[in-house]
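Sequence lines set the chain letters: A, B, ... in the order given, protein chains first and strands last, and positions in each chain run from 1. Quick note: numbers below take in every heavy atom, side chains included, and nothing from hydrogens, waters or symmetry partners.
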There are 2 protein chains.
Amino acid sequence: MSTTVEKLLDQAESEIRERGYHAVSFRDLAASLGIKSASVHYYFRQKEDLGIALVKRYGEQFFNILEEKAEELDNPLQAVIDVYRNALTSSDRICLCGMLGAEGCGIPKTLSDEVAAFFQANIDWIAETLPKTISAAERKRQAEHCIATLQGAMMLATSLNDHKVFDRAAKSLLK
Amino acid sequence: MSTTVEKLLDQAESEIRERGYHAVSFRDLAASLGIKSASVHYYFRQKEDLGIALVKRYGEQFFNILEEKAEELDNPLQAVIDVYRNALTSSDRICLCGMLGAEGCGIPKTLSDEVAAFFQANIDWIAETLPKTISAAERKRQAEHCIATLQGAMMLATSLNDHKVFDRAAKSLLK
DNA sequence: GTCAATCTATCTATTGATAGGTAGCGATAA
DNA sequence: TTATCGCTACCTATCAATAGATAGATTGAC
């Protein structure tokens with residue numbers, strides 16, 4: 001049985017990934033758990049605090065799963081694609097950071113900084129796994145291309161309501 | 001001198017591309033033009049109507065500029081990249097449809113349908129310009145990859161606050 | 001008795017939306 | 001010529017709903 005905080009984070013992540021930061025309210029979240037909005041404020045003083053906790057947890061889970069997958073597959077790039085693909089298909093939602101990244105300066109600065117850190121870590125992780133025969137600048141470029149494509153593909157696939165769009169767009173990355 | 005409706009559309013596009021649909025209010029827009037929110041409702045009965053007018057205008061302008069650029073450059077793919085690049089760098093904002101596409105089912109259905117139509121037209125345009133020696137399915141796939149990458153690259157570049165991220169990510173598309 | 005976890009109740013601000021009024025202009029009929 | 005009609009482009013005033021947030025009471029386990 002998960003705790004109230006965990007349920008709160010799960011629900012918030014789900015709703016924000018579905019509709020965006022501003023379309024989700026403490027009352028929504030509370031109602032989904034059968035509690036009152038004041039109780040949400042007990043765990044997260046401000047909405048901003050909830051957002052930051054959310055992105056931090058998301059990043060940790062993401063990299064844990066990624067490391068696991070990379071070891072299992074022995075193909076880092078395929079691992080990244082698989083993790084993104086699973087994030088999309090298991091929930092029919094885009095990446096939490098993809099949503100918050102799009103909302104840009106519509107969300108608190110501390111939150112968008114956290115989102116940017118996620119992307120940077122993601123890029124660095126990929127760049128690090130590419131063959132060292134490639135220059136550092138080129139590895140960085142390829143990593144940026146990879147993340148851009150995967151994030152864009154999630155958005156495109158949900159907008160067009162077809163997961164196959166993601167699969168097809170991601171396929172190019174393996175060439 | 002532009003009319004009030006045009007100023008309204010310009011302001012709304014700018015603000016929505018910056019912060020998202022839900023973070024923009026009729027009062028914001030009205031205040032920016034020095035009028036009252038009731039006057040915005042005079043031109044657009046509901047917020048949804050404004051959104052739809054916005055996406056339609058955006059799409060028309062986008063394809064007009066794209067056709068022009070394609071003729072000028074004689075390289076359709078480069079033209080697409082240039083138009084996206086200009087959309088990003090001239091305003092430091094992501095694509096209107098990129099933002100609304102991310103917000104997914106947080107926006108009215110009629111609006112997200114319009115956004116999806118923009119993406120589909122975009123994909124079809126690119127697929128049409130690729131060499132006919134490539135199969136239709138493969139052309140479609142490459143077109144989807146292209147849009148996904150460009151949309152993702154805009155988001156990534158604004159999140160990381162560095163336009164060069166867009167340029168580097170987009171560079172792979174020309175190979 | 002203490003403390004975590006919840007509640008009730010309430011505040012202020014903002015939202016999308018509506019009803020109804022008004023100023024100014026061009027067309028038109030007396 | 002002038003009165004007035006109708007229209008556009010705004011306005012004031014207001015609504016109900018919802019937002020984030022806070023103060024302070026209650027409950028129950030240890």
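Here C:dA19 presents its C1' atom at 12 Å from CZ of B:R45, a figure rounded to the nearest Å. Taking atom NZ of residue B:K36 and atom C1' of nucleotide C:dG20, one finds them 17 Å apart after rounding to whole Å. Going from atom CG of B:L50 over to atom P of C:dT15 covers 14 Å, rounded to whole Å. In this structure, NZ of B:K7 is placed 13 Å from P of D:dA9, rounded to the nearest angstrom. Atom C1' of nucleotide D:dT22 and atom CZ of A:F44 are separated by 18 Å, given to the nearest angstrom.
Of the side-chain N and O atoms in B:S39, none sit less than 4.0 angstrom from OP1 or OP2 of D:dA9. Phosphate contact (OP1/OP2 of D:dC10, side-chain N/O of B:Y43, threshold under 4.0 Å): present. Taking 4.0 angstrom as the limit, A:Y42 places a side-chain polar atom (N or O) nearer than this to OP1 or OP2 of C:dA5.
Annotation: ring-ring contact (aromatic ring centres under 6.0 Å, His included) contacts involving residues 150-175 of chain A, sequence neighbours excluded, are absent. Residue pairs satisfying the ring-ring contact (aromatic ring centres under 6.0 Å, His included) criterion with at least one member in residues 89-112 of chain A, sequence neighbours excluded, are absent. Applying the side chain to side chain donor-acceptor pair (under 3.5 Å) rule to pairs touching residues 116-136 of chain A yields A:E67-A:W125, A:Y84-A:N122, A:Q120-A:D124, sequence neighbours excluded.
Within residues 99-110 of chain B, no residue has a heavy atom under 4.0 Å from DNA chain C.
Side-chain contact between B:V83 and B:V80 is absent, with no heavy-atom pair separated by less than 4.5 Å.
Note that CE of B:M155 is 4.0 Å distant from CD of A:Q151, once rounded to the nearest 0.5 Å.
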In a table with atom names and distances, give each donor-acceptor pair under 3.5 Å that connects a side chain of residues 36-46 of chain B to protein atoms at least two apart or in another chain.
residue: B:H41; atom: ND1; partner: B:R45; partner atom: O; Å: 3.0

Between side-chain atoms of residues 59-66 of chain B and protein atoms elsewhere (two or more places apart, or another chain), which donor-acceptor pairs fall under 3.5 Å?
residue: B:N64; atom: ND2; partner: B:E60; partner atom: O; Å: 3.4

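Judged by distance alone, with hydrogens and angles left aside, the side-chain atoms of A:D28 form a donor-acceptor pair with the main-chain N or O of A:S25 at under 3.5 Å.
Here B:D113 pairs with B:K109 under the salt bridge (Lys or Arg N to Asp or Glu O under 4.0 Å) rule; sequence neighbours left out. Qualifying salt bridge (Lys or Arg N to Asp or Glu O under 4.0 Å) partners for A:E138, counting only residues two or more places apart in sequence or in other chains: A:R141. Every residue two or more places apart in sequence or in another chain that forms a side-chain contact (heavy atoms from CB on, under 4.5 Å) with B:D10 is listed here: B:R57.
Shortest non-hydrogen contact noted between B:V115 and B:C97 is CG1-O, 3.6 Å. Annotation for A:Q11 and A:S32: closest pair NE2-OG, 3.3 Å, computed over non-hydrogen atoms.
Computed from C1' positions of five pairs at each end, the angle between the two local axes of the helix from C:dG1-D:dC30 to C:dA30-D:dT1 equals 20°, rounded to 10 degrees.
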Measure all distances between protein nitrogen or oxygen atoms and nitrogen or oxygen atoms of nucleotides 15-20 of chain D, and list the pairs falling under 3.5 Å.
residue: D:dA19; atom: OP1; partner: A:S25; partner atom: OG; Å: 3.1
residue: D:dA19; atom: N7; partner: A:R27; partner atom: NH1; Å: 3.4
residue: D:dG20; atom: OP1; partner: A:V24; partner atom: O; Å: 3.4
residue: D:dG20; atom: OP1; partner: A:K47; partner atom: NZ; Å: 2.9
residue: D:dG20; atom: OP2; partner: A:F26; partner atom: N; Å: 3.1
residue: D:dG20; atom: N7; partner: A:R27; partner atom: NH1; Å: 2.9
residue: D:dG20; atom: O6; partner: A:R27; partner atom: NH2; Å: 2.8

Taking only N/O atoms, report every protein-nucleotides 27-30 of chain D pair under 3.5 Å with atom names and distance.
none

